[in-house]
J.: 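What follows is a structure written as structure tokens; I'll ask about it next.
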Amino acid sequence: MQKYNHQAIEKKWKKNWENSAIYKTKEVVGKPKYYVLDMFPYPSGAGLHVGHPKGYIATDIVARMKMMQGFNVLHPMGWDAFGLPAENYALKNKVHPSDGTAKNIATFKKQLGLLGFTYDWDREVNTTDPKYYRWTQWIFLQMFKKGLAFESFAPINWCPDCKTGLANEDLEGGLCERCGSEIERKPMRQWVLRITDYAEKLLSGLDTLTAWPEHIKKMQSDWIGKSEGALVKFNVIPVQTGIRVKQTGSPVELGMTTLEIFTTRPDTLFGATYMVVAPEHPLIKENLEKISNKKEVEEYLEKAKSKSDLERTELQKEKTGVELKGLKAINPATGEEISIWTADFVLGQYGTGAIFADAHDERDFEFAKKYKIPLKVTIRPNDDLVWERVKNLEECYTGDGVHFDSQFLDGLFITEAKEKIISWLEEKGLGQRKIQYKLRDWVFSRQRYWGEPIPLINCEKCGWVSVPENELPLELPKVKNYEPSGTGESPLATITDWVNTTCPQCGGPAKRETNTMPQWAGSCWYYLTYTMPKDNEGSYDWDKNKINYWNPIDLYVGGAEHATRHLIYARFWHKFLFDIGAVACDEPFTRLQNVGLILAEDGRKMSKRWNNVINPDEVVAEYGADAMRLYEMFMGPFDQPCAWNTKGVVGVRRFLDRVWALSEKTSLIPVKTGIQDNKFPIKSGMTVVLHQTIQKVSQDIDNLHFNTAISSMMELVNEMNKVDTISKDDFILLIKLLSPFAPHISEELWSGLGNKNSIFESSWPEFDAELAKDSEITLAIQVNGKLRDTLNVNIDINEDKVKALVLSSEKIKKWLMSKEPKKIIYIKGKLVSIVV
RNA sequence: GGGCGAAUGGCGGAAUUGGUAGACGCACAGGUCUCAGAAGCCUGUGGGAGCAAUCCCGUGGAGGUUCAAUUCCUCUUUCGCCCACCA
């Protein structure tokens with residue numbers, strides 16, 4: 001018997017699999033389909049470290065089991081190669097992004113190849129391939145046609161380091177998610193996608209995603225941030241040195257304007273004692289001359305403007321603001337005049353950029369205390385002690401209670417009061433019901449080179465016109481200088497012969513849009529491409545039959561960091577495609593699983609910076625791809641972060657060595673009949689534990705509990721090691737269970753048993769509940785809740801017999817101390833509990 | 001500040017409609033093999049007491065429910081992740 005030589009075996013089978021094309025995606029009629037997908041990587045210059053393949057190993061295991069279970073399996077891989085990381089890498093290493101990307105893809109592909117995945121490389125996609133982004137552009141044009149893509153000049157997030165505008169989702173606490181620079185707000189011309197039109201669908205769709213982790217759904221619904229409330233109009237009037245201007249003439253003549261606010265608590269309107277507008281609110285600019293402390297206000301605005309977003313959030317402990325003297329608002333419910341303030345804790349971009357303030361909101365309460373603005377309590381808490389403090393304005397009460405001093409709301413609790421006042425506002429024309437979302441529209445253009453060109457043309461006469469669909473793809477021109485200009489113009493703007501074109505509508509002179517799409521564009525729909533057929537030139541066909549055959553994805557695996565970006569964006573695009581009839585399902589990912597990060601041995605993230613990166617190539621060379629695959633699945637729960645430990649690889653390698661050695665024990669035992677269809681009429685000594693393992697491993701793979709699947713196989717192997725011989729049938733079952741995890745060694749052992757086909761063309765072992773049943777079980781016997789004895793009995797024993805046996809046990813007699821048991825509890829197959 | 005999740009031996013972790021805590025692996029110790037070492041194999045391995053049988057304690061901490069709690073409830077500590085003035 002030769003020693004297990006992983007290098008020779010893995011090389012042999014990789015080559016063999018390539019030649020036999022067993023991983024080509026099949027669409028056999030009558031078989032169910034299973035589409036299992038990883039979030040595709042962007043091919044960075046650093047190559048893979050051992051953390052990257054964890055998710056890929058998991059999907060590969062699922063894919064292989066599903067294949068053996070008789071599914072048509074689609075398990076593809078591709079490259080998300082546009083965007084800032086690829087471009088920054090290229091700039092740093094002085095290579096053209098397209099050359100750098102091609103090189104990195106080759107490295108990634110080689111590294112993935114070492115691990116023996118089942119990818120069908122005929123279906124590989126690359127987002128930077130014009131044949132691919134032809135359809136990215138096409139989808140964008142459909143959105144443009146439907147008014148979902150629009151030009152905006154509003155201030156956006158600008159990263160001075162990356163020299164580009166960014167979406168809200170690209171920020172982390174006011175910093176650029178990519179480079180950590182402080183973000184500025186800069187007014188710029190932008191293309192924006194109206195994702196907010198889909199806010200409600202994106203939110204309600206979450207309820208249908210029963211196979212998604214709850215915390216991811218929670219993150220998405222928080223990000224969408226739905227609030228139900230009302231818009232309320234306040235009249236604003238000028239006052240002169242405290243004396244109101246006499247009310248004669250029309251409101252307009254009086255200089256009266258209205259200030260609209262959004263609130264989720266319209267029921268506190270009777271207690272509104274002041275208002276606050278954001279520093280950028282137009283009310284200030286429009287009424288500047290009427291403001292008596294104009295100078296003070298202007299100084300405050302100047303200060304607020306110079307504060308970055310980061311400062312604004314960091315300085316949140318202390319709220320600042322200034323009153324707009326000379327202006328007053330009229331509380332529409334009470335008719336009282338109330339003061340108006342500006343403060344930067346009110347955000348210009350949310351709601352209407354203005355609020356009314358009352359005693360039942362923490363921030364309003366705090367601000368009023370600081371600036372000694374009067375407050376009026378209108379809700380009485382149930383608890384008298386709390387009420388005492390609330391009444392004296394010592395505590396802000398935000399909970400439910402009975403309204404008072406609120407006219408027709410008196411005596412009502414919050415929910416009823418809200419309903420009633422909204423009806424009243426609507427009746428009087430003072431306001432209306434309103435649903436507000438935190439989700440912002442998606443800033444979709446980047447002032448960078450390495451992205452999909454936005455296929456629009458600006459004509460002096462016709463305005464923005466689509467590039468005709470039959471002219472797609474609009475290819476990204478090759479340029480020498482692709483560094484970002486920093487002026488807010490894309491590097492493409494300098495290529496005049498590309499920019500200057502003619503209008504497709506009127507034929508007149510026109511200019512191309514020079515901004516490109518963001519990194520996230522290509523990943524919004526790539527999973528559809530894997531299912532689209534290609535013609536001889538490699539062009540994709542939007543073949544609805546094929547797309548709708550494979551989609552939606554049955555299992556999608558990737559990192560939790562994509563919860564609020566890729567996964568929201570992709571759902572948005574998919575829902576749009578559904579609405580225009582381009583796809584048949586309205587959610588793209590039926591089931592989602594998160595991969596837990598693999599940390600370095602020192603517990604930190606693997607990074608060049610810490611010099612703690614482990615390269616998979618070396619692990620594969622020393623211990624084998626099978627050991628590496630097995631270890632990454634064995635190290636802990638799949639969705640939990642876990643530190644790498646090379647000693648652990650040694651452990652699973654020993655396990656593989658033991659499996660290898662086991663094959664020796666099988667050589668003299670003939671194969672029983674019926675092996676091919678997994679029927680085992682003869683019970684061997686191993687049958688019970690074997691069938692328990694079949695059940696456990698099959699269920700665990702379905703649930704992605706790989707660590708316990710592996711430990712149960714280890715237990716089986718330990719059992720097999722205890723006996724002198726094992727039947728070939730039993731051994732075959734073991735290697736079939738092992739094969740999705742460790743494909744190379746399993747294939748070698750399978751072929752060593754004389755099989756001519758691949759183990760992955762054989763069928764998955766079927767679990768037989770009858771065969772998995774133990775005939776004898778161990779009962780635990782407790783006295784007063786403490787374990788005092790165990791009892792081996794036949795599985796079919798009846799209750800009376802058990803009780804008699806228990807009471808006759810010497811150990812138990814000792815603990816009963818000749819007292820009469822008060823109660824005897826028998827849990828069938830588990831335990832007997834005696835109470836004295 | 002808010003939300004979500006977690007806490008089990010020296011380490012990674014297992015155990016859920018509440019039912020024998022510590023499976024499996026690592027590490028460690030003893031043995032075997034060897035001239036010797038490595039590897040492999042066998043045995044042991046939560047803490048404490050005892051020659052032993054056996055007993056006591058034990059799942060971050062404090063209570064509670066129960067015949068029985070790692071599991072359920074209340075409070076609390078620590079850590080991780082996400083969001084962060086969203087009216």
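Keep in mind that this is a model prediction, so the values were computed, not measured. Sequence lines set the chain letters: A, B, ... in the order given, protein chains first and strands last, and positions in each chain run from 1.
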J.: Are OP1 or OP2 of A14(B) and a side-chain N or O of Asn707(A) less than 4.0 angstrom apart?
T.: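 Yes, because at least one side-chain N or O of Asn707(A) sits under 4.0 Å from OP1 or OP2 of A14(B).
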
J.: Does A23(B) have OP1 or OP2 under 4.0 Å away from a side-chain N or O of Thr708(A)?
T.: no

J.: Nearest whole angstrom, please: distance from the C1' of A68(B) to the CG of Asn784(A).
T.: 10 Å

J.: Between Trp223(A) and Ser221(A), does a side chain to side chain donor-acceptor pair (under 3.5 Å) hold up when you go through it step by step?
T.: CA-CA 5 Å; Trp223(A) 191 263; Ser221(A) 77; over 6 Å; no

J.: Between Arg654(A) and C26(B), does any side-chain N or O lie under 4.0 Å from OP1 or OP2?
T.: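 So the side chain of Arg654(A) is within the cut-off, an N or O lying under 4.0 Å from OP1 or OP2 of C26(B).
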
J.: Does Lys369(A) pair with Glu366(A) as a salt bridge, N-O distance under 4.0 Å?
T.: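 A salt bridge is absent here (no side-chain N lies under 4.0 Å from a carboxylate O).
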
J.: Counting the atoms with a prime plus P, OP1 and OP2 as sugar-phosphate, which does Lys786(A) contact under 4.0 Å by heavy atoms, base, sugar-phosphate, or nothing?
T.: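 Sugar-phosphate only.
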
J.: Reckon Thr778(A) touches a base, only the sugar-phosphate, or nothing at all at heavy-atom distances under 4.0 Å?
T.: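 The answer is base, as Thr778(A) lies within the cut-off (heavy atoms under 4.0 Å) of a base atom.
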
J.: Base, sugar-phosphate, or nothing for Glu715(A), non-hydrogen atoms under 4.0 angstrom?
T.: sugar-phosphate

J.: Could you run down the sub-3.5 Å N/O contacts of the protein with nucleotides 3-7 of chain B?
T.:
unit_1 : atom_1 : unit_2    : atom_2 : d
G3(B)  : O2'    : Lys218(A) : NZ     : 3.3

J.: For C56(B), does either OP1 or OP2 sit under 4.0 Å from a side-chain N or O belonging to Arg788(A)?
T.: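 Answer yes for this pair, as a side-chain N or O of Arg788(A) is under 4.0 Å from OP1 or OP2.
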
J.: Indicate whether OP1 or OP2 belonging to G1(B) is found under 4.0 Å from a side-chain N or O atom of Lys319(A).
T.: no

J.: Can you tell me how far P in U45(B) sits from the matching atom in A23(B), rounded to whole Å?
T.: 10 Å

J.: Under the criterion side chain to side chain contact (heavy atoms under 4.5 Å, CB included), which of Asp267(A), Thr268(A), Leu375(A) is the partner of His360(A)?
T.: Thr268(A)

J.: For Arg433(A), is there an ion pair with Glu419(A) - N to carboxylate O distance below 4.0 angstrom?
T.: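 Between Arg433(A) and Glu419(A) there is a salt bridge, with a charged N closer than 4.0 Å to a carboxylate O.
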
J.: Pairs counted only when both distances fall under 3.5 Å, Watson-Crick or G-U: show me the 5' to 3' dot-bracket for RNA chain B, [ ] for pseudoknotted crossings and | for other-strand partners.
T.: (((((((..(((......[....))).(((((.......))))).((((....))))..(((((..]....))))))))))))....

J.: State whether Asn718(A) places a side-chain N or O below 4.0 Å from either non-bridging phosphate oxygen (OP1 or OP2) of G25(B).
T.: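 For G25(B), OP1 or OP2 has a side-chain N or O of Asn718(A) closer than 4.0 Å.
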
J.: Side-chain N or O of Arg658(A) versus OP1/OP2 of C41(B): is the shortest distance under 4.0 Å?
T.: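 True: Arg658(A) side-chain N/O within range (under 4.0 Å) of C41(B) OP1/OP2.
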
J.: What nucleic acid atoms does Thr263(A) come within less than 4.0 Å of, heavy atoms only: base, sugar-phosphate, or nothing?
T.: sugar-phosphate

